Amino acid sequence: MCGIAGWVSFDSDLTRQRGVLDAMTDTMALRGPDGRGTFVRTHAGLGHRRLAVIDLPGGAQPMSVSTPAGDVGMVYTGEAYNYRELRDQLRALGHAFRTDSDTEVVLHAYLQWGESIVDHLNGMYAFAIWDQREEKLVMIRDRMGIKPFYYYPTPDGVLFGSEPKAILANPLARKAIDSDGVRELLAMTKAPGTSVWKGMYEVAPGTLIRVDRDGLHERTYWRLEAAEHTDSTEKSVEQIRDLLTDIVDRQLISDVPRCVLLSGGLDSSAITGLAAASLARDGEQLRTFSVDFLHQEQNFVPDEVRGTPDAPYAHEVAALVESAHQNVTLNSADMLDLSVRRAVITARDMPGLGDMDLSLYLLFKAIREQSTVALSGESADEVFGGYPWFFADRAVNAGTFPWAAFTGDKPWNALRPELREQLDVDSYIADQYAAACAEVEHLPSESQAEYRMREVCYLHLTRFVRILLDRKDRLSMAAGLEVRVPFCDHRLIEYVYNTPWPLKTFDGREKSLLRHATKHVLPQSVVDRVKSGYPLTQDPAYATNLQQLAKEILAETNSPLFDLIDRTWMQQLTAQDPMRMDPVTRAGLDRAVDIYTWLDLYRPELQLD
C-alpha cells in the first residue's frame with residue numbers, strides 16, 4: 001500500500017527533471033512513510049512512496065527488469081490477494097523471483113502476459129508500467145476502483161498520481177476548477193473518469209490506459225454484466241459463505257499487525273467473525289477497533305438512518321469472538337481542531353463530508369498506533385442492498401439517484417443565486433443519472449420490478465460506492481493505514497449482483513443473503529439488528545462551535561468562499577438554535593466550512609464562466 005506518481009514526456013529529457021519528479025513523489029509521503037524511490041529514463045519518470053505490508057525488506061519500489069530490448073519499470077500501490085498462486089504459476093513458466101513481495105509477482109505477470117495481466121489479478125491496485133521496449137506507459141486500476149488513480153494529459157505525454165496533489169505539484173498542471181468541477185463537488189454522483197480539477201481525470205475502475213507517441217488509448221476490461229442466476233436460496237447462501245471465507249482468509253495475509261474495524265453492524269461484525277475464526281486456526285487473537293463519541297449513548301436520538309447506537313453491539317461481537325477490542329472515543333474538541341480539518345481536506349484534495357470525515361480520520365490515526373492493516377465492512381450495503389432507500393418507494397421510483405431522493409439534501413442550494421442558476425446542478429445530475437442507467441445490461445426475463453432493482457443496485461455499485469471508497473482510501477492512507485474491503489472482491493460482486501431482488505430480501509429484511517451466510521459467526525442481537533448508518537456525534541457542542549467557525553468566516557470581508565456560497569444562506573444557518581439544528585442543515589454548514597478550508601489551502605483558480 002503506497003503512493004505513486006509519474007511523468008511521461010515524449011518530447012523532453014526527463015533525466016533533467018528529477019527535482020520535479022521528486023516533488024510529485026513527496027506529496028505522497030503520508031501514503032508511504034516507510035521509503036521512497038524513483039525510476040527515470042529519457043522519456044519517463046516513476047516515483048514511489050512505500051508503506052511496507054508484505055516482504056518488508058524486499059518490496060522496495062520502483063521495481064524494474066532489464067531486457068535486451070529495454071527496461072520495464074513499475075510503481076504499484078495496493079495488494080494482489082492471489083499473488084501466491086500467480087507466483088507458482090509464473091515459476092512453472094520459467095520466471096525466477098528475488099523477493100517475496102506481490103509487487104515483483106505483478107511485474108513478472110506483465111512480462112508474461114502483457115496487458116492481459118488484467119485478467120489474472122484479484123485485489124485492489126493501481127499501478128503504472130513504463131515499457132521501454134515499446135516506449136509506452138500502461139496504467140491499470142482495479143475493477144471496483146478501490147485504489148485511486150488520476151492522470152493529466154499533456155501535449156506530449158501524461159502526468160499521473162495516486163492523488164491529485166501529486167499531479168498539481170508539476171508546473172504543467174493548472175490548479176483550476178471549472179463549472180463541471182463545482183457541479184461534481186456538490187452532486188454526489190461520482191461520474192466515472194472525472195475529477196473536480198480541470199484537465200485532470202481518473203483512470204476509471206476496471207480500466208487500462210496505454211500512453212504512447214500516438215496518444216492515450218483506453219480499454220475497459222471489466223464491468224458489471226447481467227447473467228441468469230439459477231442457484232436456490234440454500235445454494236446461494238452457501239456460495240456466499242464460501243466466497244466470504246476465502247476472501248477474508250486472503251485479505252488477512254500481511255507481514256505487519258492487522259485488525260478489523262468493528263461497528264457492531266452486520267457488515268463489520270460478519271468480517272470480524274470470519275477473521276477471528278481464520279486467525280484462531282493459527283492460534284492468533286484478532287484485534288478489533290470501534291469508534292464512539294463522548295456521551296454518545298446519553299445524547300443519542302434515533303433517526304431514519306441511525307436507529308440504534310453502535311457500542312453495545314460492538315461489545316457483544318467482541319465478547320463472542322474473544323477479540324482484543326478497543327474503543328476509540330472522540331469528543332467535539334478533537335473534531336473541531338482546525339489542524340484536523342486541514343489534514344482531512346489535504347488528504348482528500350477537496351471538501352468532504354464534515355464531521356463524518358473528521359471522525360473517520362481520527363479513528364484511523366488511533367488505529368495506526370497499533371496496526372498497519374485493517375479489514376472493513378465497507379461496501380456491503382451496496383453489494384447486498386442494505387440502505388433504507390432500497391426499501392423506500394419515494395427513493396426507488398424517484399427517477400434519480402435513490403440516495404439523493406431519500407435524503408432530499410441539495411447542497412447546491414447553498415450557492416450564490418446567480419451561480420446556482422448558471423450551474424443548473426439539477427440538470428447535471430439528471431444527465432449523469434440517464435447516462436448511468438443507459439449502461440445497465442438487462443435480461444429479457446426480468447419483470448418491471450426486477451428491471452428497476454437491477455438499475456438501483458448498478459447505481460450503487462458504480463456511483464455511490466466509489467464516493468465512499470475514495471473517502472476511505474484517502475483518510476486511511478493519510479494516517480499510514482491500509483484498509484482492505486473484502487466485500488469489494490469482484491467474484492462476490494459478480495455473484496450477488498445477479499441474484500434477483502426477491503432473493504436478496506428472501507427473509508423480508510435487508511441483506512438477507514449476507515445475514516444468513518454469516519449468522520454462524522454472529523451474536524443473535526446482530527443478526528436481528530436493523531441497519532444503522534455511520535455514526536455522527538450528537539453533542540450539541542459540535543453544532544455550537546461549527547456556528548462560531550461560520551461566524552468568523554462571515555466576518556472576513558473578502559473571503560473567496562463567497563465567490564461560491566451565498567452569504568445570506570450562511571448567515572441564516574448561524575442564526576439557528578444549535579440545539580434544534582437538524583442533521584441535513586448541520587451537514588450543510590459543515591460542508592461550507594470544508595469548502596472555505598479547501599479554498600484557503602489550495603487557492604484554486606475558479607473558471608466558472
Side-chain angles (χ1 to χ4, degrees), residues 1-7 23-32 47 49 77 126 141 145-153 158-178 180-205 338-354 356-358 360-361 364 411 466-481 483 560-561 564 590-607:
M1 190 66 78
C2 312
I4 64 175
W7 183 4
M24 295 173 67
T25 302
D26 287 342
T27 63
M28 302 284 97
L30 293 178
R31 296 185 72 92
R49 295 290 312 209
T77 175
R141 191 177 183 196
I146 303 167
K147 301 308 298 174
F149 201 174
Y150 293 85
Y151 68 98
Y152 189 104
V158 71
L159 311 173
F160 68 85
S162 291
E163 297 177 358
K165 61 175 65 67
I167 294 169
L168 295 174
N170 190 301
L172 294 178
R174 293 186 66 181
K175 198 181 293 183
I177 305 291
D178 62 9
D180 276 344
V182 175
R183 293 182 183 106
E184 191 62 23
L185 273 177
L186 300 174
M188 288 289 287
T189 60
K190 193 61 175 174
T194 64
S195 159
V196 301
W197 298 97
K198 185 178 180 181
M200 190 183 301
Y201 306 91
E202 281 190 322
V203 178
L338 290 179
S339 67
V340 173
R341 191 179 292 265
R342 290 171 71 88
V344 166
I345 298 299
T346 301
R348 297 200 65 175
D349 294 308
M350 58 183 280
L353 299 177
M356 289 198 293
D357 282 0
L358 301 171
L360 192 62
Y361 171 71
F364 289 153
R466 292 176 185 170
I467 298 170
L468 301 184
L469 288 174
D470 186 74
R471 165 181 178 252
K472 176 272 305 170
D473 178 88
R474 301 296 197 89
L475 299 180
S476 62
M477 292 306 298
L481 178 71
V483 177
L561 177 67
L564 295 174
D590 226 345
R591 189 181 298 112
V593 174
D594 265 7
I595 294 172
Y596 170 85
T597 306
W598 172 66
L599 292 170
D600 181 56
L601 285 169
Y602 282 80
R603 307 285 176 173
E605 175 187 350
L606 297 177
Q607 300 179 356

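Computed from a prediction, not measured in an experiment: that's the story for all the values here.
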Worksheet entry | Stepwise side chain to side chain contact (heavy atoms under 4.5 Å, CB included) check, Lys472 with Ile146 | CA-CA 9 Å; Lys472 176 272 305 170; Ile146 303 167; 3.6 Å; yes
TODO: Please step through side chain to side chain contact (heavy atoms under 4.5 Å, CB included) for the pair Trp598 and Val593, ending with a clear verdict.
DONE: CA-CA 9 Å; Trp598 172 66; Val593 174; over 6 Å; no
*Met200/Ile167 under side chain to side chain contact (heavy atoms under 4.5 Å, CB included): CA gap, chis, key distance, verdict*: CA-CA 9 Å; Met200 190 183 301; Ile167 294 169; 3.7 Å; yes
Going through the distances and angles, do Leu606 and Leu564 end up as a side chain to side chain contact (heavy atoms under 4.5 Å, CB included)?
-> CA-CA 9 Å; Leu606 297 177; Leu564 295 174; 4.3 Å; yes
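Looking only at distances, no side-chain donor or acceptor of Lys147 sits under 3.5 Å from a matching main-chain atom of Arg141. Checking side-chain atoms of Ser195 against main-chain N and O of Tyr201 turns up no donor-acceptor pair under 3.5 Å. Of the possible donor and acceptor atoms, one in the side chain of Ser162 sits under 3.5 Å from a partner among the backbone N and O of Ile4. Not one N or O on the side chain of Asn170 forms a donor-acceptor pair closer than 3.5 Å with the backbone of Ala173. No donor-acceptor pair closer than 3.5 Å links the side chain of Arg49 to the backbone N or O of Met28.
Leu481 places a side-chain heavy atom less than 4.5 Å from the side chain of Val483. Residues Met350 and Pro164 form no side-chain contact, since every pair of their non-hydrogen atoms from C-beta on lies 4.5 Å or further apart. Val158 is not listed as a side-chain neighbour of Trp7, based on a closest heavy-atom distance of 4.5 Å or more.
Shortest non-hydrogen contact noted between Thr77 and Cys2 is OG1-O, 2.8 Å. Annotation for Ala166 and Met24: closest pair O-CG, 3.3 Å, computed over non-hydrogen atoms. The two residues Gly199 and Tyr152 come nearest to each other via the heavy atoms O-CD1, 3.4 Å. Scanning both residues, Gly352 and Ile345, for their nearest heavy atoms gives N-CD1, 4.2 Å. Ala478 and Ala347 get closest at one heavy-atom pair: CB-CB, 3.6 Å. Heavy-atom minimum distance, Asp594 versus Gly354: OD2-N, 3.3 Å.
Pro148 meets the side-chain contact (heavy atoms from CB on, under 4.5 Å) test with Arg31, Tyr150, Asp470, Asp473, Arg474; sequence neighbours excluded. With sequence neighbours excluded, the residues satisfying side-chain hydrogen bond (donor to acceptor under 3.5 Å, both in side chains) with Lys198 are Gln607.
Here CE of Met188 is found 11.0 Å from CG of Leu186. Values are rounded to the nearest 0.5 Å. Atom CG in Asp590 sits 6.5 Å away from atom CG in Leu358 (nearest 0.5 Å). Taking CG of Leu475 as the reference point, atom CE of Met356 lies at 11.0 Å (rounded to 0.5 Å). Note that the CD atom of Glu605 and the CD1 atom of Ile177 stand 10.0 Å from one another [nearest 0.5 Å]. The distance from atom CG of Leu353 to atom CG of Leu360, rounded to the nearest 0.5 Å, is 10.0 Å.
Checked options Arg348, Arg341, Arg591; the residue passing with Asp357 is Arg348 (criterion: salt bridge (Lys or Arg N to Asp or Glu O under 4.0 Å)).
Taking the six-membered ring for Trp and thresholds of 30 and 60 degrees, Trp197 and Tyr602 have ring planes inclined between 30 and 60 degrees apart.
Applying the salt bridge (Lys or Arg N to Asp or Glu O under 4.0 Å) test to every pair with at least one member in residues 184-195, sequence neighbours left out, gives these pairs: Lys190-Glu202.
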